[in-house]
Protein chains: 2
Amino acid sequence: MARKTGSHSEITGPRIRAVARALFARHGFAAVSMRQIAAEVGVQAGALYLYTPDKETLLFDLLKAHMDELLAAWDAVPAGKDPLARLEAFVRFHIRFNLDRAEAVFLSYMELRNLGPENFAVIEGLRRDYETRLETILRDGVAQGRFVAPDPKVASLAIIAMLTGVTTWYREGGRLGREAVGDVYWDMVRKAVAA
Amino acid sequence: MARKTGSHSEITGPRIRAVARALFARHGFAAVSMRQIAAEVGVQAGALYLYTPDKETLLFDLLKAHMDELLAAWDAVPAGKDPLARLEAFVRFHIRFNLDRAEAVFLSYMELRNLGPENFAVIEGLRRDYETRLETILRDGVAQGRFVAPDPKVASLAIIAMLTGVTTWYREGGRLGREAVGDVYWDMVRKAVAA
DNA sequence: GATTGTATTGAACGCGCGTTCAGATAATCT
DNA sequence: AGATTATCTGAACGCGCGTTCAATACAATC
C-alpha cells in the first residue's frame with residue numbers, strides 16, 4: 001500500500017488542474033509552458049507527468065470535466081413543464097454557471113482547436129448535447145404556440161452565444177450585479193422568441 | 001531608385017499578411033511559427049522581417065486593419081433616420097461583414113491577449129467605438145419610445161455577441177444562405193428590443 | 001554592361017520547449 | 001527497524017523558436 005493521509009498527490013493533482021486552467025485561460029494553451037504551470041504549483045516540471053500523460057491531455061481533461069459538470073448541473077435543475085419557465089431557468093442557469101467558471105468557459109470556447117481530432121470530437125459532442133437542451137425547449141414552445149422562432153436550431157445557437165458573451169464584460173463589483181444581469185438578458189431572450 | 005514593376009515586395013507583403021491571418025485564425029497566434037508562415041508564403045523566415053519588425057506587430061497590424069475596415073465599412077452604410085431601419089441595417093451589415101472575413105473576426109476576438117498593453121488598448125478602443133455605434137442606435141430608439149431596452153449598453157454587447165457567433169457555425173453551402181441567416185437574426189434582434 | 005539598391009537567402013545566436021528517467025526523499029506497512 | 005512505494009527532483013534529450021545579419025541575386029537605371 002501507500003500513504004494516504006499526508007499524501008501530496010491529493011493536493012498536487014487538483015492544484016495542477018487549477019493552475020493550468022487559470023494560465024490556459026489567461027494566456028492561451030500554446031503560450032503556456034509545462035514549466036510555468038509547474039513553477040506556479042511549486043513543483044518541478046517532471047512531476048506534472050505523474051498526473052497527466054502529456055500537455056494536450058491536461059487540456060482535454062479540463063474541457064471534458066467542465067462540459068460534464070455543465071450538463072450535470074443543468075440536468076439537476078428542476079424541469080418545469082412550461083416552456084417559458086424552462087427557458088427562463090436556462091437563461092439564468094447559463095449566466096450563473098458561466099460567471100462562476102469564467103476561466104473554464106473561456107477555455108471551452110477558445111482552445112478546442114488545440115485538441116487532436118478524437119478529443120475534439122468528444123468535446124464537440126458534449127457541446128452539441130448542451131445546445132440541444134435549449135433547442136428542445138424552443139421547439140416545445142413553438143409547438144405549443146408559445147414561441148415564434150423561424151429556426152430553433154439557429155435560435156438556440158444565437159441565444160447561447162449571447163449569454164456566453166456576458167463573461168467577456170462582467171466584472172464583480174461592477175455597475176450591475178448578477179441578478180440584474182440575469183434580468184436584462186432574460187428580458188431580451190424572452191422577447192426575442194416571443195409569439 | 002529601385003524596381004517598381006516586378007517588385008516582389010508588392011506581392012510578398014500582402015501575401016504574408018494573408019497567410020498569417022489564415023494560420024493565426026486556424027491554429028492560434030502562439031501556435032504558429034514565423035517559419036510556418038514563411039514556408040506557406042514560399043520564402044525564408046528571415047525575409048518576413050523586411051515586412052514586420054516582429055511577430056506581435058504582425059498580429060497587431062492584422063487586428064488594427066480589420067477594426068479600421070470594420071468601422072469604415074459601417075460608417076459608409078447610409079444612415080437612415082429611423083432607429084428600426086438603422087438597427088436592421090446594423091444587424092445585416094454585421095453578419096455580412098463578419099461572414100466575409102471570418103478569419104479576421106476570429107482573430108479579433110481571440111488573440112487580443114497576445115498583444116502588449118499599448119497595442120491591446122488601441123484595439124480595445126476601436127472595439128468600443130464599434131459597440132458605441134450600436135448602443136447609440138438603441139438609445140435613440142429608446143428615447144423615441146420605439147425600443148425597450150433596460151440597459152442599452154449591455155443590450156448592445158449582447159446583440160453583438162449573438163451576431164458574431166454566426167461565424168462559429170455558418171458554412172457556405174449549408175442549410176441556410178446568408179440572406180436567410182440575416183432574416184433569422186434580424187427577427188430575433190428586432191423582437192428582443194421591441195417596445 | 002557597369003552600377004545601384006531592394007529583395008531574399010541561409011546560417012547562426014541563445015533560449016525555452018515537451019518529455020524522459022535515474023536517483024533522492026519521505027511516509028506507510030510489516 | 002527495515003522494506004516498500006508513492007512522490008518528486010534535477011539533469012538531460014533533441015528540437016524548434018524569434019530574431020539577426022553578412023552575403024547574394026537580380027531588376028531597374030545609367
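Every chain is numbered from 1, with letters handed out A, B, ... down the list of sequences.
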B:Tyr109 and B:Glu111: side-chain donor and acceptor closer than 3.5 Å? no
Nucleotide nearest A:Tyr49 (side chain, heavy atoms from C-beta), chosen from C:dA7, C:dG18, D:dT19: C:dG18
Let me spell it out: for each of A:Ala45 and B:Met34, pick the nucleotide of DNA chain D with the closest heavy atom. Which residue's pick is nearer the 5' end? A:Ala45
What's the CD1-P distance between A:Ile37 and D:dC8, to the nearest Å? 16 Å
Taking only the side-chain heavy atoms of A:Gln36 (C-beta and beyond), determine which of D:dT19, C:dT20, C:dC17 contains the nearest atom. C:dC17
Are A:Tyr130 and A:Trp74 an aromatic pair, judged by ring center distance below 6.0 Å? no
Decide whether A:Asn119 and A:Glu56 meet the rule of one side-chain donor and one side-chain acceptor closer than 3.5 Å. yes
B:Thr12 side chain near C:dA7 phosphate (N/O to OP1/OP2, under 4.0 Å): no
Salt-bridge present (B:Asp61, B:Arg21; N to O < 4.0 Å): no
Strand contacts (DNA chain C) in residues 16-31 of chain A, 4.0 angstrom heavy-atom criterion: none
Among C:dC17, C:dA7, D:dG10, which nucleotide sits nearest the side chain of A:Ser33? C:dC17
So, using side-chain contact (heavy atoms from CB on, under 4.5 Å) as the criterion, who are the partners of B:Arg190 when residues are at least two apart? B:Leu84, B:Trp186, B:Asp187
Are A:His66 and A:Phe106 near enough that their ring centres are under 6.0 Å apart? no
Using a strict cut-off of less than 4.0 Å between a Lys/Arg side-chain nitrogen and an Asp/Glu carboxylate oxygen, indicate whether A:Arg15 and A:Glu40 qualify as a salt bridge. no
So, is A:Tyr51 close to the D:dC8 phosphate, meaning a side-chain N or O under 4.0 Å from OP1 or OP2? yes
Touch class at under 4.0 angstrom, heavy-atom based, for B:Val41 against every strand present: nothing
Would you please classify the geometry between the A:Phe90 ring and the A:Phe93 ring as parallel, tilted or perpendicular, with 30° and 60° separating the classes? tilted
Are B:Arg178 and B:Asp100 close enough for a salt bridge, meaning some N to O gap below 4.0 Å? yes
Identify each atom pair where a protein N or O and an N or O of nucleotides 11-14 of chain D are less than 3.5 Å apart, giving names and distance.
unit_1	atom_1	unit_2	atom_2	d
D:dA12	N6	A:Arg35	NH2	3.2

